[in-house]
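Report on the following structure.
Lettering follows sequence order; numbering is per chain, from 1.
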Amino acid sequence: MGWDAFGLPAEQYAIQTGTHPSITTKNNCDTFRRQIKELGLSYDWDREINTTDPNYYKWTQSIFIKLYNTWFDDQLQKGRPVSELKIPEDILKSGKAGVRKYIDSKRLAYYDDAQVWWCSNCRIVCANEEVLTDGSHEKCGNIVEKKNLKQWLLRIPLYAERLLKGIDDLDWPEGIKDMQRNWIGRSSGAEVDFNLYGLEEKLTVFTTRPDTLFGATYMVIAPEHNLLDKITTPEASRSVMDYIKSASLKSDLDRTDLSKEKTGVFTGRYAINPVNLKKIPVWIADYVLTGYGTGAIMAVPAHDTRDFEFAEKFNLPIVCIQDPDVTDADQKKRIIAGKECWTEDGKYINSSDKQTGIDINGLNKETGISEITSWLESKGIGKAKINYKIRDWLFSRQRYWGEPFPVIHWDDGEITLVDEKELPLQLPELEKYLPGETGESPLSNATDWLSVKDSSGRTGRRETNTMPQWAGSCWYYLRFIDPKNDNQIFSPEKEKYWMPVDLYIGGAEHAVLHLLYSRFWHKVLFDLGIVSTDEPYKRLFNQGMILAFAYETETGAKVASDLVEERDGKFYHKETRDELRQIVAKMSKTLKNVVNPDDVTSKYGADSLRLYEMFMGPLDVTKPWDDKGVKGVFGFLSRAFRFISNPENILPGSEEDREILKGLHQTIKKIQSDIENLRFNTAISAMMIFLNLIIKKGKITLTTAETFVKVLSPFAPHLSEELWLILGNCSTIAYEPWPSVNEEYLKEDVFEYPVSFNGKMRFKIELPVNMDKNEIISIILSDERTKRWLGDKEPSNIIVVPNRIVNIVIK
RNA sequence: GCCCGGAUGGUGGAAUGGUAGACACGCAGGACUUAAAAUCCUGUGACCAUUGCGGUUGUGCGGGUUCAAGUCCCGCUCCGGGUACCA
């Protein structure tokens, strides 16, 4: 068991109550541990770990140091120690500071400005989810703003290609693999330099469609583009400034929202389209994001929907350069006239220029892209480029309750890391968990802890940011291998024995972030020779979330469950007496619709709770909790106990009824394959079916009873142990071997064929399993019922699928 | 908006392209009981027919492929997850 116990909720609770988060964290873990033990879940408690334990986060800090001291060798596609980094001659000549800057630019972890949401009222950095759609802070209603703060970032995009390729061989749900691929977002295209009128600087854009350069009629840069100040002309300055201010209030999500109106302003500057030397305006608009590509685009409204919308709104020229592959003549006309956007393939038109000497008219997309790209490369104004959507990972938080960075900022500007031998760098005790005056982390209040002095008297400050909760959960599976090792993160021999993780069961909400971050760290550790596998999780399975009933009024207002009463199957508000709607929603404290396992356990026992969780439905589906369902499995367990524990039902001797034997072995077989496929709901229903059978039959042999209890025991261990003793055994059932299936009992002599006419089942007929097709046909054709359904018609075809179905086709 | 899931009786769900609704809850009727609870038995998608055999229809909506579609393909609707500082 591992407790991932750092993070925002514990910290917020601390701010509200003044209780130190380590105390609440400990209490919560104690409760969960007790509940888990009561349920009889077989965790290895000798391997219990907690990410907030200094003996654990010591190693989290150690991994951070390793990331900092690693660079990515593009040639080898591999992370390597910075000590192996070759410094170019000219950098060496530039002196110590230059060398340091060069190395820092290669490290997987680096320190730089990054934008965050800032609430000046609470003096706190807000999570995106804390910022409401109107741009206000959900806690205080103050309008938040974007602010640059010094942050730690990790260069995960360097591993994009490795992370992408690795996905192919994983035994994971395809949907999750797709989500990771899309998140990494590899796209190949080209970078193109545009000259700007009156400026020396060039404006570089990334485009997946360099072939459409002839259709580029304007350019757009992001409001945060670093050339913005230079590009903006004095006349346009005022409107550009106003625009930037309004854009800074929107989240990236709002900015890319296609349903919203496009916005933007002209910068006053023009650029030159390199393929035809035409003068095109440079605009600023927030639908271009600074974090993707170069933060600037060439706009081809005729062949890109976002550019098209923008051009229509601001009356910018739309030049069609592709004769579309469509049959609809009207649509073709509209597209060529620039009245409709076309993003698919077609033959180029209007795509040649005498001055530049380029001509791709008549070609198709694929050849067009390669032609233009090689032309750009030959002229030195562009190059083929692979771009990734995945961005550097912002790896620091202005919070108290997280791992401190083992980093010292010296007053002379140098940054050094704490020596590994000095780890863990422990969190200092604080009285207040609120952030400092300037937006610094709460740790800036820890004055004693904060200041450091080295042997030569140089003074410095410790890093006050802390790591995000991802840090601890990124590698916890590795610490399970050797949780008590004080000298090493784990022993390499043990790592080789255990890795990779055979089966990882986790929620689909971790589809991208946690699972991608974790894979990234693992690959770095692999490159450094610390782990022996390239991928951490061989097989992944997503369990579904358990929802619960909740209530809302006619108008949709949510009502906490303790204010609801049930009468005659309808639900009413206790105070207003209004009738309420029962809905299904995520369990939450506000709706008071959480289920406390203690209540269920005290009423129905731990086995009922276990069984119900498994019986509710497939493991991977979200489903609502319903107390009545617990009653159902409780009934099953009670019937099983009553039947098996009653000596009158257990026959002496070993001669068992054929039908019971068949049922028993069907049940074992079903449960066995269901467990392997994590389909516990159908395994339980198989047991119910068997129990119904033996109750009907009345008596079973001791062997049958024991076998049944054995297959029940992984699902309901407590009850099974007791039945095992009642049946006369003295040892525990937990170590009994799984019963084997005897196929002999499962053989069938006959099969009941469903006979259908044009796919509709009409009657059934029992026939020997090994009867050949022609014989089956002749028996069925001579059957009275067949004649009735055929009437005076002749069958045009008869399909016989052995031991499955017969279908008679009538025209 | 974008990416990924999902939708089957009153409810949770079952169904290698081959008998839709297994199993369970709920409900109805019955047995036991002075009564209730518990337990046991029977029935239970909808509609029609009912004296019985039965018939029609039905897996979110609209198309398609197939001898046969809950399942495969195309186009939608609604719900859920993620969207980089919840983890």
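- Annotation: U11(B) and G82(B) have their P atoms spaced 27 Å apart (nearest Å).
- Within the 4.0 angstrom heavy-atom criterion, no nucleotide atom of any strand lies near W3(A).
- Spacing between G6(B) and U16(B) at atom P, rounded to whole Å, works out to 15 Å.
- Across all strands, R679(A) comes closer than 4.0 Å only to sugar-phosphate atoms, never to a base (heavy-atom distances).
- Listed candidates were C86(B), U19(B), G18(B). Nearest to the side chain of M761(A) is U19(B).
- On the P atoms, A24(B) is 39 Å away from C4(B), given to the nearest whole Å.
- Within 4.0 Å (heavy atoms only), K764(A) reaches at least one base atom of the nucleic acid.
- Between the P atoms of G60(B) and U44(B), the separation comes to 24 Å (whole Å).
- Nucleic acid contact class of N692(A) (heavy atoms, under 4.0 Å, all strands): sugar-phosphate only.
- Remark: of the listed residues W475(A), W470(A), Y476(A), Y537(A), Y537(A) is the sole one forming a side chain to side chain donor-acceptor pair (under 3.5 Å) with S518(A).
- Between the C1' atom of A24(B) and the CG atom of L637(A) lies a distance of 13 Å, rounded to the nearest Å.
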Inset, instruction - Apply side chain to side chain contact (heavy atoms under 4.5 Å, CB included) to the pair N758(A) and I810(A), showing each step before the final yes or no. - result: CA-CA 6 Å; N758(A) 288 341; I810(A) 316 166; 4.2 Å; yes
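- Between the side chain of T52(A) and the backbone N or O of A5(A) there is no donor-acceptor pair closer than 3.5 Å.
- Of the candidate nucleotides C85(B), G13(B), A22(B), G13(B) has the atom lying nearest to any side-chain atom of P618(A).
- Spacing of C1' atoms, A46(B) relative to G58(B), comes out at 8 Å, to the nearest Å.
- Annotation: of the two residues near RNA chain B, V116(A) and K631(A), the 5′-most nearest-nucleotide partner is K631(A).
- Within the nucleic acid shown, S396(A) comes within 4.0 Å of at least one base atom, counting heavy atoms only.
- Between the P atoms of A20(B) and G75(B), the separation comes to 29 Å (whole Å).
- Picking from G81(B), C3(B), C85(B) the nucleotide with the shortest atom distance to the side chain of E509(A) gives G81(B).
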Inset, instruction - Go through the steps to decide whether D392(A) and Y110(A) satisfy the test side-chain hydrogen bond (donor to acceptor under 3.5 Å, both in side chains), and finish with yes or no. - result: CA-CA 10 Å; D392(A) 283 347; Y110(A) 69 104; 2.4 Å; yes
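- Evaluation of atom-type donor-acceptor distances gives no pair under 3.5 Å for the side chain of E174(A) against the base of C4(B).
- Comparing C85(B), U57(B), C23(B) against the side chain of M688(A) picks out C23(B) as the nearest.
- If you check C86(B), C4(B), C85(B) against the side chain of D178(A), the one that comes closest is C4(B).
- If you check U56(B), C3(B), C86(B) against the side chain of N182(A), the one that comes closest is C3(B).
- Between K670(A) and A22(B) there is no side-chain polar atom (N or O) within less than 4.0 angstrom of OP1 or OP2.
- Taking atom NZ of K623(A) as the reference point, atom P of C23(B) lies 21 Å away to the nearest angstrom.
- The pair E174(A)-K177(A) meets the salt-bridge criterion, since a charged nitrogen lies less than 4.0 angstrom from a carboxylate oxygen.
- Within 4.0 Å (heavy atoms only), N542(A) reaches no atom of the nucleic acid at all.
- Ring-plane geometry between W625(A) and Y612(A) is classed as perpendicular, the angle between the planes exceeding 60 degrees on a 0 to 90 degree scale with a lower cut at 30.
- Straight-line distance from the CD1 atom of I805(A) to the C1' atom of G18(B): 4 Å, rounded to whole Å.
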Inset, instruction - Can you check each nucleotide of nucleotides 63-73 of chain B against protein heavy atoms at under 4.0 Å and return B for base, S for sugar-phosphate only, - for none, in 5' to 3' order? - result: ----BS-----
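- Closest to the side chain of L513(A), from the set C3(B), A84(B), G12(B), is A84(B).
- Ring geometry, F310(A) versus Y287(A): the interplanar angle falls from 30° to 60°, so the pair is classed tilted.
- Nucleotides A84(B) and G70(B) have their C1' atoms positioned 37 Å apart, rounded to a whole Å.
- Note that CD of Q151(A) and CH2 of W393(A) are 14.0 Å apart. Values are rounded to the nearest 0.5 Å.
- Contacts of R785(A) with the nucleic acid, taken as non-hydrogen atoms under 4.0 Å apart, are absent.
- Of the N and O atoms on the side chains of Y400(A) and T464(A), not one donor lies less than 3.5 Å from an acceptor on the other residue.
- Per the geometry, CZ belonging to F757(A) stands 18 Å off C1' belonging to U56(B), to the nearest Å.
- Distances from the side chain of R639(A) to the nucleotides C85(B), G81(B), C40(B) place C40(B) closest.
- Phosphate contact (OP1/OP2 of C85(B), side-chain N/O of R397(A), threshold under 4.0 Å): present.
- Computed from coordinates, the I695(A) CD1 to C40(B) C1' distance equals 10 Å when rounded to whole Å.
- Counting heavy-atom neighbours within 6.0 Å of E648(A) CD, excluding the residue itself, gives a total of 12 or less.
- Nearest-nucleotide positions on RNA chain B place G175(A) closer to the 5' end than the other of G175(A) and N681(A).
- In this structure, CZ of F763(A) is placed 13 Å from P of G54(B), rounded to the nearest angstrom.
- The pair E748(A)-K662(A) meets the salt-bridge criterion, with a side-chain N (NZ, NE, NH1 or NH2) lying under 4.0 Å from an Asp/Glu carboxylate O.
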Legend entry - Worked check of ring pair (Phe, Tyr, Trp, His ring centres under 6.0 Å) between Y753(A) and F751(A): CA-CA 6 Å; Y753(A) 276 92; F751(A) 177 77; 4.9 Å; yes
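- No hydrogens or angles were tested; on distance alone, a donor-acceptor pair under 3.5 Å links the side chain of Q151(A) to the base of C85(B).
- When distances run from any side-chain atom of F615(A) to the nucleotides A24(B), C85(B), G55(B), the shortest one goes to A24(B).
- Closest contact between the side chain of M616(A) and the listed nucleotides U56(B), A14(B), G12(B) involves G12(B).
- With its glycosidic angle within 90° of 0, G9(B) adopts the syn conformation.
- R804(A) contributes a side-chain N or O that forms a donor-acceptor pair with the base of U16(B) under 3.5 Å.
- Applying the salt bridge (Lys or Arg N to Asp or Glu O under 4.0 Å) definition to pairs two or more places apart or across chains, those involving residues 670-680 of chain A are K670(A)-D674(A), D674(A)-R679(A).
- One interatomic measurement links the two molecules: OH of Y287(A) to C1' of G1(B), which rounds to 15 Å at whole-angstrom precision.
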Legend entry - Pair assignment for RNA chain B - dot-bracket with | for other-strand partners, Watson-Crick or G-U under 3.5 Å: (((((((..(((.....[....)))((((((.......))))))((((.....))))..(((((..]....))))))))))))....
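- When rounded to the nearest whole Å, the span between CE of M179(A) and P of G82(B) equals 9 Å.
- With C1' as the reference atom, G29(B) and C23(B) are 23 Å apart, rounded to whole Å.
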